[in-house]
Structures are given as structure tokens and as C-alpha cells.
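Below, chain A is the first sequence line, B the second, and so on; all start at residue 1. Values in this document were obtained by computation on a predicted structure and should not be read as measured data.
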Number of protein chains: 2
Amino acid sequence: MHILTAEARTHYLEKYPIDDFFSFDINPYLEVRQFDKGEWIFQEGSFPDTVYYMIEGKAKLYMTHKNGKVSLIEYLEAPLFMGEIELLNEARYTKGIQTVTKTICYSITQSCKEKLLADALFLRRLCVFLGEKATKMTSKYTQNQAYPLENRLAAFIQLSADQGVYKEKHTEICEYLGVSYRHLLYVLAQFCDERILEKRKTGYQIIDKNRLAQLAQEVL
Amino acid sequence: MHILTAEARTHYLEKYPIDDFFSFDINPYLEVRQFDKGEWIFQEGSFPDTVYYMIEGKAKLYMTHKNGKVSLIEYLEAPLFMGEIELLNEARYTKGIQTVTKTICYSITQSCKEKLLADALFLRRLCVFLGEKATKMTSKYTQNQAYPLENRLAAFIQLSADQGVYKEKHTEICEYLGVSYRHLLYVLAQFCDERILEKRKTGYQIIDKNRLAQLAQEVL
DNA sequence: TAAAAAATATGAGATATCTCACATTATTGT
DNA sequence: ACAATAATGTGAGATATCTCATATTTTTTA
């Protein structure tokens, strides 16, 4: 991670204005930070003392279970807050966040914590963010229980396919969808058998869009 | 549902003070409402125009999937907010909430919406509530993926057992744990086989507390 | 209090998903 | 460019979980 200054800082602050998040001047408390691909923004189990607002990039939120299993809980895509729960509750330790791409964040030091927690403008935005987060987690959670991988994968392929080609890393997706690598491959193979997908060098080509949509549409 | 007035209202407002949630006088906007056991507080799919703060009682949060499956998402136990997300986002339709016991709630009409959304005191409390909700859903969600029913049920029995006796409705619990009724019964039978539980008229008696704890402790 | 509805119970067979073992390609760091 | 590491791919066998059918008991309601 390194801190951007001068032109770079100004560049981002102009491109992604953040003044209207606060009713006081946030500039003295704000840094523009860049994380390289693969860097950890929060180490799992640490006690962060910074709130981040990611403006560019993509990251993954992880947690490790007692039994050693690691869950990729979700993909985080800009714009979003990170470490905001730790701002509200004292000494809350965090889950792990690792960048997937180069990532630019605004960091806000806890030295203005009091101001933040008294600022209705900021709090309101935080409420909306947290509410959406809760809603999103709830729906993802309930879906996973209610549908087999066949349906969830179909929905995911629709979402993530680019120009009719699905091309994601199996190792990541199986974690994200909460199934074993083996099983993911089984279901992909099954889709190929059924002529829904076709495996090519470039990735999996969608050849039966309708059938895929039909499988996916079960999932809301 | 009926609205409590006079002594009843005063009684609850004294027992569960709520003034310190707001920096303005909430009294003109507040009603004390009572829901009977089994009543629906929110009908699934409706657009609620009231924020509730449940002060006594217990309810269930449901959602129905496209495939007709119904998920019991969570048990709601006082104190907590309901309909708060709908306050923040316009026209958000809600999941279904049904009471399990007689329930007392403070209701706040949207006529003071502007005041609420400008009140840092209230917003801060809402943030904490939403943050906890998100965290809770996330951990429940990830656990369900990472552990078989054996472990999750053990944990749940520990939580819900009263005086060493587990006595819940199977029909509800299987929904809550996201498994079929049949499978829940299998695993309960298995616990009996293994002499962890013993089935009696009064419920399932825990006879091997250690083994149960061992199974449960896998789950964080 | 009889009939209807809900909850409990159990068997049998299917399916979704997992673990492990191992072989074969990419990708990446030095 | 080579070794190390990560990602891909596949088989075989186990286990977790589901669906459906059906019977019994308990609770609710007219």
C-alpha cells in the first residue's frame, strides 16, 4: 500500500467527490491510498482503526472457520465502505479483505470519529449502506439454502459472463458459491453435456441462453 | 393488532424508555401497539409505512422463494427495529414477519421521517443495529455452508435447550436450519443412537453434554 | 366433541455434494 | 529459462440431504 499525494490525490478527489458525504471538511482526515493487486487491506482478526471508502477496484471478503475451511463471503466492488462496523463498535475484529485488482481507497482516520458519529449526513449514508449490505447477505444466504448449485451457478454465469463467454477462476467461484471444487466441475461438465455451455480455449461459451435463463430464473 | 392507550401506554413507556433514542420529542409520533400470537406484523411483499421498535415478544422473519419454498430466515427477539430499511429506501417491499408470542411494539409514523433522518442520535443507533444485523447474517450464512447439520443442530440445541431439555417444534426448526423435516429427524435420531440425547415425553433430554459441546464448538 | 388441520414419525430410494488421490497444464518469481 | 506454485481436470467411493409416500398422534376449530 502507498499513499498518493499531490496531483494523484487531487485527480481522484475530483473524479470521485466525497465532500457531500460529510457536513464538515473531511480533507484534513483523508488520505488517498493505493493497494496493489493481491494485497490485504485488512488482515483477518486484526483491529482496524481506519475507515475506507473504496472508489476504484475490486476485492474479496474472506473468513476462516474453526475447522480450517475458508469462505469467500463476497466480492466487494467499488464504491463501498470497509471497516465501517469497527467504527461503530469498539474493538471489533475484522474479516480478511484482499484486493483482486489494483484498488484506490479513501482512508479516514479515527481521529475524527467523534465528528463522524455526530454527523447526520454521514450516518444516513452509512445506514443506507449497511441496510443494503444486510439485505444482500440475507438474500444470498436464503438462496443458497433453497437452491442446488445447478440453479445458482446458472444465475452466476448469467451475471458474470462477458459477451456470452463465462471465464472465471474455478478455484474462486467454488469458494464463492460455497461448494467444493470438484462439484463445481461436475456441474459445469453437466452443463456441457446438456449443450447449455461449450468449453473452448477462451472459456465456456453459452450456447443455450434460454435453458440457462430458465435454470437461473428459479433464483430470484 | 390494537393500540394501547392511557395506563397501558404509560406503563410500557416507563418500563422501556425510548426518549434517549431521539434528540426530539418522539411522543407525538409514537403509538404502543400490541400484536397477538400468530399475527402478521408485515405481510410479505407489502410496502410498510411504519417503523417498529419491538420491546416485548418474539417473531419470525420469513421469505417465500420463487420455487415456493419458504425460508424462516431468523427469529427476531425484542428489542429490535422492524421496517427500518424501508424508512431509508423509498418503496422497498418487505419480507413477512409473524409473531410467535404476544408482542408489544412502539410504532413510529413516517410523518416524522424527515426529523428521524436528520437526527444523528437516532441514526447512530440505527447504524449499530444494522451493522450487527449484517454481521449476524453473514456469520449465519457462512456457517451454514461450512458445516453439516450435525454441527449446526448441536449448536442450536445448546442455545435453545432449557434445563437440559430440547423441546422445539421440528417443523419450525428444520426451516430455520434450512434442511428438510426428514433430515432433521434423522440427525436427531442419530443423536439418540449415540446417546447424546434421550427422547422423553417432555422433549429431548441432553445426556452427553460434552459430546454435544464438542460437536457444537466446531461452529464458532 | 367430531372433524379438520398441524405436527410427529419412519421407510425407501434418489440426488447433491464431499473427500481424497492423482495427473496435467498454466502462471509466476528469480 | 527453470523451478515452484497455482489452477485445471478426472475417477471412485462416501456422506449429507432431499423427495415422496404413508401412518399416527396432537392440536385446533367449528
Given atom [atom1] of [X] and atom [atom2] of [N], what is their separation to the nearest angstrom?
X: N151(B); N: dA16(D); atom1: CG; atom2: P; value: 10 Å
X: Y186(A); N: dA16(C); atom1: OH; atom2: P; value: 13 Å
X: R182(A); N: dT17(C); atom1: CZ; atom2: C1'; value: 11 Å
X: Y147(B); N: dT19(C); atom1: OH; atom2: P; value: 12 Å
X: K199(A); N: dA7(D); atom1: NZ; atom2: P; value: 16 Å
X: E150(A); N: dC18(D); atom1: CD; atom2: C1'; value: 14 Å
X: K201(B); N: dA9(C); atom1: NZ; atom2: P; value: 14 Å
X: L185(A); N: dC22(C); atom1: CG; atom2: C1'; value: 14 Å

Consider the side chain of H183(B), meaning its heavy atoms from C-beta on, and name the nucleotide among dA16(C), dA16(D), dG9(D) that approaches it most closely.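 Nearest listed nucleotide: dA16(D).
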Considering only heavy side-chain atoms of L149(A), the closest of dG9(D), dT17(C), dA16(D) is dT17(C)
- Query: Base, sugar-phosphate, or nothing: which does H170(A) touch, judged by heavy atoms less than 4.0 Å apart?
  - Reply: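 Result for H170(A) = sugar-phosphate.
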Please step through salt bridge (Lys or Arg N to Asp or Glu O under 4.0 Å) for the pair R9(B) and E31(B), ending with a clear verdict. CA-CA 8 Å; R9(B) 176 184 164 111; E31(B) 283 177 359; over 6 Å; no
Discussion item. Any salt bridge linking K60(A) with E172(A)? Criterion: basic side-chain nitrogen under 4.0 Å from a carboxylate oxygen.
Written reply: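 Result for this pair is yes, salt bridge flagged.
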- Query: Does the ring center of Y106(B) lie less than 6.0 Å from the ring center of Y16(B)?
  - Reply: no
Worksheet item: With distance as the sole test, does T99(B) use its side chain to make a donor-acceptor pair with the main-chain N or O of G38(B) at under 3.5 Å?
Response: yes
Discussion item. Does dT8(C) have OP1 or OP2 under 4.0 Å away from a side-chain N or O of T171(B)?
Written reply: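 Indeed, a polar side-chain atom of T171(B) lies that close.
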